[in-house]
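All values derive from a computational prediction rather than experimental measurement.
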Amino acid sequence: MAAATAIFYLFLSVFLLPPLAAAAPSPYLSPATLFKNYQHMLTTFKIFIYTPYKPFEFPDNPASLFYSSLLRSSFLTQNPDEAHLFFVPFSPDTPSRSLARVVRELRTDLPYWNRTLGADHFFLSPAGIDYSSDRNILELKKNAVQISAFPVVSGYFVPHKDITLPPSGGSPLALFRATEENSTRTSILGHLRWDGKTERNLVNELKSDPDFVVEEKGEQLDSWRSKFCLFLYHGEVAGIVEAMAGGCVPVVIVDRPVQDLPLMDVLRWSDLGLVVAVPRGGAGRLKQILSEVSEEKIAEMAELVTAASKHLVWNDEAQAMDAFNMVMYQLWLRRHAVRYARR
C-alpha cells in the first residue's frame, strides 16, 4: 500500500510540474548539431584540388569569392589520400567536349574518380550544367556535387546533392507600401524581371496599384524599414541578403517548387520567408496574402532573418560561419561517399 501511494504521488508530481519553456525560435534546422559539426569540420575536413588544364577566372562575384577563398583556406591538402572530397576546377565557359575530356582524363590517369564514379568530387559552375549523352559529363552531373549560383535553371539542379551560392550585391526595385494606419514600414519588391505573360501582367498591376512604388531606372531603395521583400524567383534576387540583414522578410513569387535555396541544409527557410505561387488574383491577391500574416509572426520572422543573414554574407577574407564556410559545411555533410578499390 505504501509503495502504491508513493508511485501515485510520483505521477502526481510529474503532472503538476510547470511545463518546460518552449524552445526559442531558431533560424537553424538543428542548432546543436550545426555548431558541434561546424567545429569538427574546421579541424578535420580536407579537400584536394586537381590542377586545372588551363588558368581561368570566375567573373561571377559569389563564384569568384568562393573559389579564391577555397584556394586560400586551411581545408586544402596536397595529399589526395587524406582528402574527403576532390575539387574539379574548370572555366565556366568550358565547352562540352572539353569538359568531357577533363573527366575522361581523371578517370584514366588517376585512381580517385573510379572509386566512387565521382561521388566524392565537386565542381563549381555558376550557371549549372545540363545532362548529356556523354558518359563523362553524365557521371559528373549525376554523381559529383555541383555548386552553382542561385537561382538555378530548371533541370540543372539535383536536390539533396547540389548546392547553391548565396547571392551578393543588388538592390530592391520597388516598394509595396504598408496599408496599416500610421505605419511607417514598407515592403520591397525585388527586381521585376520574369519572362511570361502572367508575370508581365502582375508587374503591370503592381506598377498601376497606388500601394506599390516601382523603382525608376537608377533609383536605389532601402529595405531596412520594410516588412516584406518580394522577389520573383526567375528574376534578379541579389538583394535578398541585404534585405534580410535589415529584418525584411523575403517573399519569393514562384511558378514551380523551390528546391535550390542557399544553405538549405542549414537554415529553416520555412520560418524565414514565404513562398507564394504566382497569384491568379494579381496584385490584389498578393496584398491579401501578405495581410493575413500577423504582426507577431512578422516580428518573429524578422528577428530570424536578421540572425540568418550573417551566414549568407560573402567576405573578401572568409570569416567564421559566413557564406564561404557555410557552403563548405554543406560540402562536409556530403563527404560520406562509399569508395571501392580499383581493380
Side chain proximity check, Asn325 to Trp332, heavy atoms < 4.5 angstrom: no

Approximate separation, where rounding is to 0.5 Å, of Asp265 CG and Ser30 OG: 12.0 Å

Working for side chain to side chain contact (heavy atoms under 4.5 Å, CB included), residues Met326 and Gln330: CA-CA 6 Å; Met326 287 294 95; Gln330 291 189 112; 5.9 Å; no

Closest contact, heavy atoms only, Met301 versus Leu274: CE-CD2, 4.3 Å

Side chain proximity check, Asp162 to Tyr156, heavy atoms < 4.5 angstrom: no

Nearest heavy atoms of Leu85 and Arg334, plus distance in Å: CD2-O, 4.0 Å

Any side-chain heavy-atom pair of Ser132 and Lys141 under 4.5 Å: no

Full working for side chain to side chain contact (heavy atoms under 4.5 Å, CB included) between Asn143 and Thr116: CA-CA 8 Å; Asn143 299 339; Thr116 64; over 6 Å; no

Heavy-atom donor-acceptor pair, Tyr38 side chain to Met321 backbone, under 3.5 Å: yes

Ring pair (Phe, Tyr, Trp, His ring centres under 6.0 Å) assessment of Phe35 paired with Tyr28: CA-CA 10 Å; Phe35 293 108; Tyr28 309 112; 5.5 Å; yes

Identified side chain to side chain contact (heavy atoms under 4.5 Å, CB included) counterpart of Ile163 within the set Asp260, Val145, Leu263: Val145

Lys287 side, atom NZ; Ile289 side, atom CD1 - distance, nearest 0.5 Å: 12.5 Å

Test item: side-chain donor near acceptor, Thr77 and Asn79, under 3.5 Å: no

Nearest-0.5 Å distance, CG of residue Leu42 to OG of residue Ser74: 7.0 Å

Audit row: Phe66, Met328, side chain to side chain contact (heavy atoms under 4.5 Å, CB included) steps and yes/no: CA-CA 9 Å; Phe66 174 82; Met328 293 303 297; 3.9 Å; yes

Distance, nearest 0.5 Å, that separates CG of Leu140 from CZ of Arg104: 13.0 Å

Shortest non-hydrogen contact between Glu292 and Arg285, atoms and distance: OE2-NH1, 4.3 Å

Heavy-atom donor-acceptor pair, His121 side chain to Phe86 backbone, under 3.5 Å: no

hydrophobic_cluster_shared for Leu304 and Leu29, side chain cutoff 4.5 Å: no

Cluster check Leu117, Phe122: I/L/V/M/F/W/Y, side chain < 4.5 angstrom: no

Pairwise side-chain contact, Pro126 with Pro62, heavy-atom cut-off 4.5 Å (strictly under): no

Backbone N/O of Leu331 and side chain of Arg335: donor-acceptor pair under 3.5 Å: no

Lys142 side, atom NZ; Glu139 side, atom CD - distance, nearest 0.5 Å: 8.5 Å

Pairwise side-chain contact, Leu70 with Ile49, heavy-atom cut-off 4.5 Å (strictly under): yes

Closest non-hydrogen atom pair, Pro167 against Val241: O-CG2, 3.5 Å

Side-chain heavy atoms of Leu312 within contact of Pro262, under 4.5 Å: yes

Main-chain N/O of Asn61 paired with Ser64 side-chain donor or acceptor, under 3.5 Å: no

Closest contact, heavy atoms only, Val152 versus Ala127: CG1-O, 4.4 Å

Any donor-acceptor pair under 3.5 Å from Gln146 side chain to Val158 backbone: no

Asp271 side-chain N/O to Arg268 backbone N/O, donor-acceptor pair under 3.5 Å: no

Among Phe75, Phe48, Tyr50, Tyr67, side chain to side chain contact (heavy atoms under 4.5 Å, CB included) partner for Phe87: Tyr67

Value rounded to 0.5 Å, distance of OG in Ser96 from CG in Asp134: 8.5 Å

Phe157 reachable from Tyr233 in the ILVMFWY side-chain graph, under 4.5 Å edges: no

No-hydrogen, no-angle side-chain donor-acceptor test under 3.5 Å, His311 and Tyr329: no

Joint hydrophobic cluster, Leu76 plus Val327, side-chain heavy atoms closer than 4.5 Å: yes

Cys248 versus Val305, closest heavy-atom pair with distance: O-CG2, 3.9 Å

Side-chain heavy-atom pair Arg107, Asn136 within 4.5 angstrom cut-off: yes

Heavy-atom side-chain proximity of Val249 to Val293 below 4.5 angstrom: no

Evaluation steps, side chain to side chain contact (heavy atoms under 4.5 Å, CB included), between Leu165 and Trp314: CA-CA 10 Å; Leu165 300 171; Trp314 291 98; 3.9 Å; yes

Donor-acceptor contact below 3.5 Å, side chain Ser309 vs main chain Thr306: yes

Joint cluster assignment, Leu99 & Tyr131, ILVMFWY side-chain distance < 4.5 Å: no

